[in-house]
Each structure stands twice: as structure tokens, then as C-alpha cells.
Number of protein chains: 2
Amino acid sequence: MNYSLHLQMNEKLYLRDPEQSDLGRRIVRQGILLIHEIGFEETTFRKLAERLGTKEASIYRYFENKHRLLVYIVAWYWRWLDYQVVYETNNITSPRQKLERILPILLQRSTDTPATPDDIDLRALHNVVIREASKAYLTRHVSDDNREQLFKPYKDLCGRLADLILDFNPNYPYARSRASSLIETAHYQAFFMENLPSLTNFGGEPTDDTLLAFLHHLLFSSIERTVKE
Amino acid sequence: MNYSLHLQMNEKLYLRDPEQSDLGRRIVRQGILLIHEIGFEETTFRKLAERLGTKEASIYRYFENKHRLLVYIVAWYWRWLDYQVVYETNNITSPRQKLERILPILLQRSTDTPATPDDIDLRALHNVVIREASKAYLTRHVSDDNREQLFKPYKDLCGRLADLILDFNPNYPYARSRASSLIETAHYQAFFMENLPSLTNFGGEPTDDTLLAFLHHLLFSSIERTVKE
DNA sequence: TTGCAAAGATAGTATTACTATCATAGATGC
DNA sequence: GCATCTATGATAGTAATACTATCTTTGCAA
């Protein structure tokens with residue numbers, strides 16, 4: 001049996017809470033699918049409205065613009081990852097084991113989804129995040145968006161991973177950078193593997209998971225040794 | 001004394017070679033500055049034309065659209081980095097030393113510019129690449145662009161770094177992924193340090209270069225050990 | 001001096017990214 | 001059963017964007 005899961009989102013992310021109405025939920029869910037299918041640049045509120053059988057103006061009542069919709073979707077993803085990390089590391093004592101359990105989550109390889117967020121296409125979402133997430137912060141107005149706490153879920157997740165790294169090795173001096181670069185590397189390498197494979201050492205056969213092995217190697221080779229000052 | 005340097009670019013990158021005319025060169029050089037100042041999203045050919053005292057239509061004679069201009073600028077940067085890598089590692093025999101000399105280049109910390117590409121604001125260019133380069137390939141049409149060899153300079157650079165890694169450790173199984181993730185990590189950690197510092201361990205004082213130390217640590221901790229299969 | 005290529009000048013189109021306003025339908029309170 | 005309130009629908013409109021087309025001018029080259 002599945003439990004239903006609701007992730008509370010920062011109010012600054014929207015004009016009207018999309019989880020509070022049917023239209024709102026469909027905007028988010030179909031938004032993910034549309035961005036997945038045609039890419040963020042090609043996505044417009046008009047196209048999304050047509051797909052939903054509604055009007056542009058209705059979507060604007062929920063989100064200021066499509067960038068904010070992307071930020072919302074990506075923030076939701078980080079909250080969802082954070083939840084999975086907590087769930088998967090619960091009752092594990094060994095810091096090493098905890099970290100090892102996190103790696104498949106970053107690649108969306110963990111099959112057991114305890115509480116499934118209803119109706120959200122997690123596979124599409126994962127691909128959207130890989131291709132589009134960095135566009136949420138690679139803008140001129142990062143600092144403003146950051147001041148509004150729009151990236152808090154990402155920071156929280158990185159903070160959690162950094163803490164686990166410090167549990168494993170209390171002397172490690174780069175825990176936060178290690179955490180953020182682990183997440184980014186997981187995504188970039190997944191994108192490269194799919195689209196620019198010559199930038200990787202991964203063949204692309206879904207059976208052997210060299211990318212997972214690579215991330216494991218990268219993470220532990222760095223945090224196992226205490227860096228000399 | 002400086003030598004003048006001209007980097008040959010793939011013909012697919014432009015409609016008319018911008019290095020062959022005064023207007024073309026100004027489009028590239030002022031384009032870098034404009035994107036640096038207002039960001040890629042806000043940049044339009046109209047604004048760039050006004051800045052150049054010319055017309056939109058003239059710019060369209062050189063570049064199909066602003067995405068292609070970005071791809072050109074970024075490709076130029078990778079060629080320039082590649083040149084610097086060759087220059088800085090020339091006559092060095094120790095693979096370790098070669099790799100160590102590359103790290104400051106990735107962060108644009110190397111002060112000695114042997115042949116300076118005329119009139120290009122390298123500092124602005126570096127910042128543009130950090131913030132915008134991934135937008136060159138994080139699109140729906142990556143595969144088409146890749147087929148047209150638009151990303152060859154990036155791949156060449158990664159290939160060169162991968163070869164150096166294999167010189168250092170011939171048994172290392174992830175040389176290409178290690179190379180691409182080193183470059184990407186250098187850039188987004190620099191971005192985070194500047195804009196979302198809580199995702200890093202870097203204070204931001206320009207005197208101590210913790211980011212460089214971090215990259216050094218990441219690279220060598222992974223490639224020093226032979227990964228067990 | 002004729003010819004050609006680069007750039008200037010002007011105009012036009014479809015689409016985007018919004019904003020504003022008014023009407024309507026359904027739920028809720030009394 | 002009526003008032004009311006809220007979410008959405010419907011329509012319209014605007015400034016800007018991302019181009020394309022065409023015609024003219026300029027400057028250099030044969």
C-alpha cells in the first residue's frame with residue numbers, strides 16, 4: 001500500500017498555491033510533461049493552457065511567469081529527493097552505508113518509492129531537472145531569487161548531504177562543495193551520457209550502471225582521505 | 001612582446017565568418033560584453049545592433065540567431081583554453097605537473113597570457129562562459145547541433161585532459177568523465193561561490209584560493225588510486 | 001566604369017509575454 | 001432561496017521579440 005505524500009512549498013514560489021485546486025495541480029503536472037516533451041525554451045503558457053483546455057490568463061493567476069513555474073517544479077523535485085534521502089537512510093547507522101544509499105536516489109535508480117506523490121510523472125520530472133534545473137539559477141536575478149528563498153530546497157538537500165559527509169569524515173574540509181558538486185555531476189554526466197556520450201566513459205547500456213560506479217568512486221575517493229592543510 | 005593569435009573556427013558556427021570583417025569582430029566582442037552585462041536571456045540582436053551603431057539585419061547576416069552566437073562564443077572560449085593548456089604544458093615531462101598547471105587555467109587564474117587574442121575581454125568572456133555555457137547544449141536540439149560538430153572544441157579539450165589523466169594513471173577507467181566533470185565543477189563552483197555561497201566552502205576572499213585547492217584535491221584523490229573493478 | 005559584395009535602411013509578420021476587464025458558474029453562508 | 005464570493009472563462013489589447021524580405025547605398029576590385 002502507498003501513502004500519499006504532500007510536500008509543503010515556500011509561498012514565494014507561486015501567486016496562488018497550485019496544490020490547492022484541480023487546475024493548479026494540472027498546471028504543475030502537465031507543465032512537467034510539456035517541458036519534458038518540447039523543452040523549456042519552447043514552452044509557453046499559451047501552449048500549456050491549450051493542453052489543459054484553459055486560458056493563458058488562468059495560468060498567470062498561479063505563476064508570475066514560466067521561469068517561476070520552472071523554479072517551482074525544480075524546488076519540488078529537491079524536496080522530493082530530500083524526503084527520499086531521509087527515508088532511505090532512516091535506521092541505518094553506518095555513515096558509509098547512508099551515503100551509499102543516497103547515490104541511486106540522485107540517479108533516480110531507487111525502485112522502492114514509499115509514498116508516491118500522486119500523479120506526478122517522476123521519470124519525466126527527473127529528465128526535466130537534468131536538462132533544465134540549472135536554468136532556474138543561471139540568471140541575472142539569482143541573488144534576488146535567492147533572497148526570496150526560492151532555492152532553499154536545494155540548499156537544504158546539499159546541507160543534508162554535507163552533514164552525512166561530515167559524519168563519515170569529520171575532518172573533511174569541503175563538505176558543502178562536495179555535496180553540491182556530487183549532485184551537479186550526477187545530472188551533468190547523465191545528460192552527457194544520453195546526448196554527448198564522448199564526454200563520458202559510459203556506453204549507455206541500461207544494464208551496467210557505470211555512472212553509479214563513477215559517482216561512488218568520485219565521492220569516496222575524495223572523502224576517505226583527510227585532506228592535508 | 002605579445003604574439004597575435006587567431007583561432008580557426010568551424011564554419012558551421014556562423015553564416016558569415018565574423019573574423020573576416022570589422023563588423024563581424026565587433027559583433028563577437030561587443031556580444032560578449034553585452035551578454036556579460038545583461039545576461040543571455042535579456043540579450044537581443046536589436047540591443048546589440050544599437051550598441052554597435054548598426055541594424056539587426058546586419059547581425060543576422062553573421063549568425064542565424066542568438067543561440068548560435070552563444071555557441072560561437074563558447075566554442076571560441078574552449079579553443080582558447082585548449083591553446084593555453086598546450087602552451088602551459090609544453091616542455092613539462094611530469095604528468096602530475098602538467099595536470100597541476102591546468103587547474104589555474106580552468107579558473108582563469110594564470111596571469112601570463114602568451115599570445116593575447118586581440119580585443120577580446122577575457123575576464124568578461126570567462127564570466128559569460130560560467131553563467132551561460134551550459135545553455136549552449138542544454139537544449140532540445142543538442143543532437144542536431146552535435147551532429148554539426150558545434151561542440152567539437154569542448155570535446156577536444158575534454159579529450160586532451162582525458163589523455164593527460166591517462167598519462168598520469170593508465171589504469172584509470174573514467175578519464176573522459178573525470179575530465180568533463182572537472183571542467184564543469186570548476187565553473188559551477190565558481191558560480192556558486194559568487195552567487196549561492198552556502199553551496200560551497202569558499203568564503204570569497206580573493207586572496208586565498210580554496211576553490212583551486214578543492215579542484216586539486218578532487219582531481220588527484222580520484223586519479224591517484226587505481227579503481228578496483 | 002562596371003560590377004559585386006557588404007552593409008544600411010525600412011518595413012512587415014507571427015509569436016511571446018504579459019495585463020486588463022468583464023462575464024459566468026459553482027460553492028458557501030445565512 | 002438569495003446574496004456573495006471565488007475561481008475560472010472569455011475576449012481584447014500592448015510592447016517586445018525573433019525573425020524575413022527588399023531595396024538602396026557604399027566602397028573596392030577588375
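Letters A, B, ... mirror the listed sequences (proteins, then strands); counts begin at 1. The figures here come from the full heavy-atom set of this structure, side chains too, leaving out hydrogens, waters and symmetry mates.
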Look at the side chain of B:Thr200 and the backbone N and O of A:Ser177, then say whether any donor-acceptor pair between them is shorter than 3.5 Å.
-> no

Hey, are A:Ser180 and B:Gln189 close enough side-chain-wise for a donor-acceptor pair under 3.5 Å?
-> yes

Taking everything shown except B:Glu56 itself, do over 12 heavy atoms lie less than 6.0 Å from its CD?
-> yes

Could you tell me whether the side chain of A:Lys12 and the main chain of A:Arg147 form a donor-acceptor pair under 3.5 Å?
-> no

Any cation-pi pair here, A:Lys66 with A:Phe40, using under 6.0 Å and within 45°?
-> yes

Applied to residues 25-38 of chain B, the salt bridge (Lys or Arg N to Asp or Glu O under 4.0 Å) test, sequence neighbours excluded, yields B:Glu19-B:Arg29, B:Asp22-B:Arg26, B:Arg29-B:Asp118, B:Glu37-B:Arg51

Outermost contacting nts on DNA chain C, any atom under 4.0 Å from chain B heavy atoms, listed 5' then 3', are C:dA6 to C:dT10

Is the number of heavy atoms from other residues, nucleotides or ligands under 6.0 Å of A:Glu194 CD greater than 12?
-> no

Could you tell me whether the side chain of B:Ser58 and the main chain of B:Thr54 form a donor-acceptor pair under 3.5 Å?
-> no

A:Phe45/A:Phe63 aromatic ring centres below 6.0 Å | no

Atom-to-atom span, CZ of A:Arg25 to P of D:dT8 - whole angstrom = 10 Å

If you draw the axis of the six-membered ring of A:Tyr62, does the NZ or CZ of A:Arg16 fall within 45° of it and under 6.0 Å from the ring centre?
-> yes

Numerically ordered, the residues 7-22 of chain A set in heavy-atom contact under 4.0 Å with DNA chain D is A:Arg16, A:Ser21

Pairing residues for B:Arg79 by the side-chain contact (heavy atoms from CB on, under 4.5 Å) criterion, not counting sequence neighbours = B:Leu7, B:Gln8, B:Met9, B:Pro153

DNA chain C contacts among residues 49-56 of chain B, heavy-atom distance under 4.0 Å | B:Thr54, B:Lys55

Does any residue of residues 57-71 of chain A have a heavy atom under 4.0 Å from DNA chain C, and if so, which ones, in number order?
-> A:Ala57, A:Tyr60, A:Arg61, A:Glu64, A:Asn65, A:Lys66

Look at the side chain of B:His36 and the backbone N and O of B:Leu125, then say whether any donor-acceptor pair between them is shorter than 3.5 Å.
-> no

Between B:Arg46 and A:Thr43, who's closer to the 5' end of DNA chain C by nearest nucleotide?
-> B:Arg46

Does a donor on one side chain sit under 3.5 Å from an acceptor on the other, for B:Ser198 and A:Arg176?
-> no

Nucleotide D:dG9, atom C1' - distance to CZ of A:Arg26 in whole Å | 13 Å

